[in-house]
Protein chains: 2
Amino acid sequence: MIFTLRPSAGGAVLALPLVRRTRDPFQGHWALPGGWLDAAEGLDAAASRTLAETTGLTASYLEQLYAFGDVDRSTTRVVSIVYWALLRQDEVDAQRAAHDAAGDAPENVAWSAVEDLPALAFDHNQIITYALWRLRNKVGYSRIAHGLLPDEFTLAELREVNESILGRRLDPANFRRQAEASGTLIPTDRFRTGSHRPARLYRYDVAVELAERGPLSAPPESDHPVPHRIEE
Amino acid sequence: MIFTLRPSAGGAVLALPLVRRTRDPFQGHWALPGGWLDAAEGLDAAASRTLAETTGLTASYLEQLYAFGDVDRSTTRVVSIVYWALLRQDEVDAQRAAHDAAGDAPENVAWSAVEDLPALAFDHNQIITYALWRLRNKVGYSRIAHGLLPDEFTLAELREVNESILGRRLDPANFRRQAEASGTLIPTDRFRTGSHRPARLYRYDVAVELAERGPLSAPPESDHPVPHRIEE
DNA sequence: TCAAAAGTGTTTACCGTACACCCATGC
DNA sequence: GCATGGGTGTACGGTAAACACTTTTGA
């Protein structure tokens with residue numbers, strides 16, 4: 001499941017690529033991009049590979065979502081270990097422009113806004129519903145939004161990403177203070193000009209981001225969990 | 001991964017069952033209980049079955065944790081879709097008593113406190129570390145603690161469960177107010193006597209619990225995600 | 001009567017929200 | 001100048017934490 005933000009009238013909207021199935025079951029239907037796990041690759045690697053095969057891009061954020069394994073979710077027995085990725089809009093645009101210039105735009109891939117999805121193959125609509133729920137939850141307590149932004153961005157751009165994911169407006173003044181207080185933003189000396197008062201550009205502190213994912217992102221020093229006791 | 005609370009000097013401690021491996025790789029080592037996915041059962045069903053085979057019990061809480069699939073995590077290629085379960089202490093005790101009476105205590109199962117784990121087979125120590133991290137996170141924003149308690153419990157017992165998971169003392173007065181304000185507790189007319197002033201017994205409102213798990217616990221009415229737009 | 005846990009009240013600090021206001025730039 | 005978004009100040013309300021205090025039982 002690959003999310004990006006697509007500019008649209010009245011703010012950006014979340015969009016994701018779908019692929020048209022070329023064989024049964026669900027031939028001709030749209031589905032989430034996916035692929036088979038190779039015997040010689042780990043789950044993360046397989047997800048990265050599938051992402052690259054679909055979009056030609058590398059994700060700025062990639063995380064395991066959930067394993068779906070009901071017996072009746074396909075005509076054969078398939079367990080899907082679903083990952084979700086966030087792509088920076090500028091990279092998606094650049095890739096699309098390159099394809100357009102070369103005239104080799106992928107035939108069976110289409111980007112769809114999440115609020116305007118067709119009926120998909122298998123249980124893929126349900127998977128998207130779950131991913132959206134997780135995304136909207138996570139944007140509240142995590143600094144996930146920068147996965148959709150270029151390296152340098154204004155606070156207004158960051159706020160608009162959050163607004164697009166959450167589906168509601170945020171107070172610019174309060175958002176600014178919370179963002180600055182989070183300790184994850186590094187102000188630069190550069191400004192975005194072009195309209196009205198120039199806005200300062202920020203970048204993310206990547207060191208902070210790693211600590212949020214728990215023990216999986218950075219393997220613990222010891223094989224043993226940290227002992228913990230109640231102090232009397 | 002099966003958690004329960006074991007009474008101990010100075011408060012309860014988290015404990016989980018380990019099984020001794022009877023074949024290579026890691027023969028003789030302790031490992032997390034597990035089993036193979038049957039072609040005719042879903043992931044949740046397989047987790048329930050494995051739990052029952054290990055403990056003879058049904059979980060009061062069962063949730064998918066994570067899928068582990070690095071190529072080098074076993075000598076053969078194995079993808080483990082790990083679930084975690086919470087067991088009520090009274091049921092574990094009853095089951096153990098039944099086994100002791102019948103003289104058929106399971107030979108290769110041992111309960112170990114999480115703060116005193118041996119070196120386990122495969123990447124199982126890492127898996128436990130991750131599960132503990134998730135458990136401690138989740139106890140903060142979810143009412144997960146009641147999975148470790150009998151149907152009726154005092155607020156002090158509920159607080160002690162939270163203290164055991166978090167590894168620190170909580171203020172009884174503040175904990176009481178937060179628990180009562182959560183809207184998930186139903187006071188009963190019964191009291192726990194035996195020492196000092198009797199404490200009122202509470203039970204959980206099960207209806208509330210279901211809403212916390214997101215779209216997976218209760219499938220959405222429609223196959224399509226709820227559209228959302230920013231109001232201008 | 002005393003110890004100890006159950007349960008209540010109060011004070012403080014902090015944080016999210018709302019909103020008034022000033023600042024700097026393009027037009 | 002003036003419209004507009006960038007950026008600051010401030011007041012209010014809710015909630016978590018700290019802790020003093022009362023209540024009720026067993027011993």
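Side-chain atoms are counted along with the backbone in the values below, which use heavy atoms only and exclude waters and symmetry mates. Per chain, numbering begins at 1; letters A, B, ... match sequence-line order. Just so we're clear, the structure is a prediction, and the values are computed from it rather than from any experiment.
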Report the distance from atom CG of D171(A) to atom P of dT8(D), rounded to the nearest whole Å. 14 Å
For the residue pair M1(A) and I128(A), establish whether any side-chain heavy-atom pair is separated by less than 4.5 Å. yes
Return the value, rounded to whole Å, for the distance between atom CZ of R159(B) and atom P of dG7(C). 11 Å
Mind telling me whether Y130(A) and F68(A) have parallel, tilted or perpendicular rings, with 30° and 60° as the class edges? perpendicular
Which part of the nucleic acid does A156(B) contact within heavy-atom distance under 4.0 Å: base, sugar-phosphate only, or nothing? sugar-phosphate
Starting the side chain at C-beta, find the nucleotide from dA16(D), dA6(C), dT25(D) nearest to P198(B). dT25(D)
Would you say the side chain of R197(B) and the base of dA5(C) hold a donor-acceptor pair, judged only by whether the two atoms sit under 3.5 Å apart? no
Take the protein atom CZ of F191(B) and the nucleotide atom P of dT23(D), then report the distance between them rounded to whole Å. 16 Å
Would you mind reading off the distance between F175(B) atom CZ and dA18(D) atom P, rounded to a whole angstrom? 15 Å
Taking the six-membered ring for Trp, are F153(A) and Y204(A) parallel (under 30°), tilted (30 to 60°) or perpendicular (over 60°)? tilted
Which sits closer to the 5' end of DNA chain D, E180(A) or H196(A), going by the nucleotide each is nearest to? H196(A)
With a 4.0 Å cut-off on N to O distance, would you call E63(B) and R134(B) a salt bridge? yes
Please say which of L57(B), L14(B), V92(B) ends up in a side chain to side chain contact (heavy atoms under 4.5 Å, CB included) with T4(B). V92(B)
The side chain of R176(A) is closest to which nucleotide in this list: dG7(D), dG16(C), dT25(D)? dG7(D)
Separation of atom CG in L155(A) from atom C1' in dG7(D), rounded to whole Å: 10 Å
Starting at CG of N174(B) and ending at P of dA13(C), how long is that distance when rounded to a whole Å? 16 Å
I need the CG-P distance between L166(B) and dA17(D), as an integer number of Å. 11 Å
Which part of the nucleic acid, if any, lies within contact of R177(A), taking any heavy atom under 4.0 Å across all strands shown: a base, the sugar-phosphate backbone alone, or nothing? base
Spacing between R200(A) atom CZ and dG5(D) atom P, to the nearest angstrom: 21 Å
